[in-house]
K.L.:
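Dropping the structure in here first, questions after.
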Amino acid sequence: MYKIAGMKTWRIWLSILVVAGTFGVLVCGTRSAAWTENHIIGMAIVVPALCLWALALVQLGRSFAVSAQAKELVTHGLYSKIQNPVYVFGAIVLVGLIFYSGRPQLFLLFLIVIPVQWMRIRNERQALEAKFGEAYREYRRRTWF
């Protein structure tokens, strides 16, 4: 079966469908025919962030897991610069969606999501450090967040 960075074809297509589906919902779900400033700013944030989020998932490959697991230390692609690109770009997508919606009160959702994601990152860091030790500590020193 065809793979990219250890990722099976069905996972690649699933990532592409998630990106395309989210984009389609945003564009087709606009309530009015006229695009507002919020729509434009939101889309300008969401589209690149969503593409980078999907790329991070593809590069993560078989290491992707819902719970904290240390399958392998991924240090290529986006992971060569950012330790947690899935979380970073996921948060940026959320900010873009909030702008797109034109409902600033939804920033409260952002304030709930970030601490939850931070707990997940902390658990992942513990698992990765336990398995990879100094290699993981060195990786953290040379990358951002």
K.L.:
Would a 4.5 Å heavy-atom cut-off, applied to side chains only, mark Glu138 and Thr75 as touching?
P.N.:
no
K.L.:
Answer with yes or no whether the hydrophobic clustering places Leu55 together with Trp144; edges join I, L, V, M, F, W, Y residues whose side-chain heavy atoms lie under 4.5 Å apart.
P.N.:
yes
K.L.:
Does the pair Phe99 and Val46 meet the rule for a side chain to side chain contact (heavy atoms under 4.5 Å, CB included), with working shown?
P.N.:
CA-CA 9 Å; Phe99 269 103; Val46 168; over 6 Å; no
K.L.:
Measure the shortest side-chain to side-chain distance between Val88 and Ile92 over non-hydrogen atoms and say whether it is less than 4.5 angstrom.
P.N.:
yes
K.L.:
Look up atom CG in Leu60 and atom CG in Asn84, then write down how far apart they are to the nearest 0.5 Å.
P.N.:
10.0 Å
K.L.:
Should Ile82 and Thr143 count as side-chain neighbours, where that means a heavy-atom distance under 4.5 Å?
P.N.:
no
K.L.:
Rounded to the nearest 0.5 Å, what separates atom CD1 in Ile112 from atom CD in Gln117?
P.N.:
12.5 Å
K.L.:
From Ile114 CD1 over to Met119 CE, what is the distance, rounded to the nearest 0.5 angstrom?
P.N.:
11.5 Å
K.L.:
What are the two closest heavy atoms between Gly102 and Pro104, and how far apart are they?
P.N.:
O-CD, 3.3 Å
K.L.:
Rounded to the nearest 0.5 Å, how far does CD1 of Ile45 lie from CD1 of Ile98?
P.N.:
10.0 Å
K.L.:
Would you say Tyr136 has more than 12 foreign heavy atoms packed within less than 6.0 Å of its OH?
P.N.:
yes
K.L.:
Determine whether Leu97 and Leu108 fall in the same hydrophobic cluster, where Ile, Leu, Val, Met, Phe, Trp and Tyr are linked whenever their side-chain heavy atoms lie under 4.5 Å apart.
P.N.:
no
K.L.:
For the NZ atom of Lys81 and the CZ atom of Arg142, what is their distance to the nearest 0.5 Å?
P.N.:
9.5 Å
K.L.:
Report yes if the distance between the aromatic ring centroids of Tyr87 and Trp53 is under 6.0 Å, otherwise no.
P.N.:
no
K.L.:
Is there a side-chain contact between Ile121 and Phe145 (heavy atoms, below 4.5 Å)?
P.N.:
yes
K.L.:
Take atom CD in Glu37; do more than 12 heavy atoms of anything else shown fall under 6.0 Å from it?
P.N.:
no
K.L.:
Are Lys131 and Glu72 ion-paired here, with the side-chain N under 4.0 Å from a carboxylate O?
P.N.:
no
K.L.:
Do Val86 and Tyr79 touch side chain to side chain, with heavy atoms closer than 4.5 Å?
P.N.:
yes
K.L.:
Quick check for you: to the nearest 0.5 Å, what is the distance between Tyr100 atom OH and His39 atom NE2?
P.N.:
4.5 Å
K.L.:
Might you work through the side chain to side chain contact (heavy atoms under 4.5 Å, CB included) test for Phe132 and Arg137, ending with a clear yes or no?
P.N.:
CA-CA 8 Å; Phe132 300 108; Arg137 287 188 290 276; over 6 Å; no
